[in-house]
Amino acid sequence: MDNIENITYDYRLYDQVWQRVAPELNPYPEVRNGEISPSSPPPTERNQVHTQTKNLRDLVDEELEGRRPYLAYARCAPNNNARRIMRQLAEEESRHARRLLSLYYLMSGECYKPLPANGCIAVPAWCKALRQRYHEEIYDAMRYEQLSREADDPTLAKIMNELSCDEMHHARQLLCLL
């Protein structure tokens, strides 16, 4: 709780987001009334936002692509408990994609429409499939943790940290199924 009190917010960044999302609103009047001038971000900040939004698009695509094997594995799971867990993991991957899409909209002011997935999922032997997904979940957890550490925005860092924890939980669930 003490850390929350020490957070300082740069309302210029938030104002820039609101200007992209809803320019008719004025959520930070002090920013526009001269206390802080809301100039367009310098080129380095624009590049950083572009890079972050590109990364978010990639993460959305990967989360949605990660959902597909779980649905395929649910159809050939050896028991009801395994089927339930596979469907639950698929839904959590969808939820991750929705959270990332929300972040993308807040950062860019645009809606990202992921391309629909096509092609069939080859389902390897059950244990091999779980092992493969386990390693992918661990990798995703480490990547989200790294993104959390690198994030300048406390909200982005918090969400990346939560996604990292979720991915580690997925890995633990897969390990239990093995």
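Note: hydrogens, waters and symmetry copies are ignored here, and every other heavy atom, side chains too, is used. If you read the sequence from its start, that first residue is 1, and numbering goes on from there. Because the structure is a prediction, the values reported are computed rather than measured.
- Criterion: ILVMFWY side-chain heavy atoms under 4.5 Å apart, direct or through other members. Under it, Leu89 and Leu71 are not part of a common hydrophobic cluster.
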Discussion item. Run Leu163 and Glu63 through side-chain contact (heavy atoms from CB on, under 4.5 Å) and show every step you take.
Written reply: CA-CA 11 Å; Leu163 292 176; Glu63 288 292 341; 5.6 Å; no
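- With salt bridges taken as basic N to acidic carboxylate O contacts below 4.0 Å, one links Arg99 and Glu162.
- Residues Arg83 and Ala77 approach most closely at NH1-O, 2.8 Å, considering heavy atoms.
- Residues Pro114 and Val60 approach most closely at CG-CG1, 3.8 Å, considering heavy atoms.
- Between Glu93 and the options Glu62, Glu65, Arg67, Gln88, a side-chain contact (heavy atoms from CB on, under 4.5 Å) holds for only Arg67.
- In this structure, CG on Leu174 lies 7.5 Å from CZ on Arg133, to the nearest 0.5 angstrom.
- In this structure, Tyr144 is not a member of the same hydrophobic cluster as Met168, with clusters built from ILVMFWY side-chain heavy atoms closer than 4.5 Å.
- Heavy atoms only, all atoms of each residue included: Tyr134 and Ala171 are closest at CD1-O, 3.3 Å.
- Ion pair Arg143/Glu136 not flagged as a salt bridge, since none of the NZ, NE, NH1 or NH2 atoms sits closer than 4.0 Å to an Asp/Glu carboxylate oxygen.
- Of the inter-residue distances, the one linking Leu56 atom CG with Leu101 atom CG reads 9.0 Å to the nearest 0.5 angstrom.
- Pairs engaging residues 109-122 under the side-chain hydrogen bond (donor to acceptor under 3.5 Å, both in side chains) rule: Asp61-Tyr112 [sequence neighbours left out].
- The shortest non-hydrogen separation linking Ala74 to Arg87 is CB-CG, 3.9 Å.
- The cluster map of Ile, Leu, Val, Met, Phe, Trp and Tyr, joined by side-chain heavy atoms under 4.5 Å apart, puts Leu64 and Ile159 in the same cluster.
- Distance check: Leu156 CG to Asn161 CG gives 11.0 Å after rounding to the nearest 0.5 Å.
- A continuous path of Ile, Leu, Val, Met, Phe, Trp and Tyr side chains, each step under 4.5 Å between heavy atoms, connects Trp126 with Ile85, placing both in one hydrophobic cluster.
- Tyr70 and Val123 fall within a single hydrophobic cluster, where Ile, Leu, Val, Met, Phe, Trp and Tyr are joined by side-chain heavy atoms under 4.5 Å apart, directly or via other members.
- Rounded to the nearest 0.5 angstrom, Asp140 CG and Leu59 CG are separated by 8.5 Å.
- Going from atom CD of Glu91 over to atom NE2 of His96 covers 10.0 Å, rounded to the nearest 0.5 Å.
- Here CG of Leu175 is found 12.0 Å from CZ of Arg131. Values are rounded to the nearest 0.5 Å.
- Looking at Thr155 and Leu106, their side chains never come closer than 4.5 Å, going by heavy atoms from C-beta outward.
- Between Cys127 and Leu178, the shortest heavy-atom contact is O-CD2, 3.7 Å.
- Not a single side chain to side chain donor-acceptor pair (under 3.5 Å) links Glu145 to another residue, sequence neighbours left out.
- Here Gln173 pairs with nothing under the side chain to side chain donor-acceptor pair (under 3.5 Å) rule; sequence neighbours left out.
- Annotation: side chain of Arg98 is in contact with side chain of Ser94 (closest heavy-atom distance under 4.5 Å).
- Taking all atoms of both residues into account, the shortest heavy-atom contact from Pro124 to Ala122 is CD-O, 3.2 Å.
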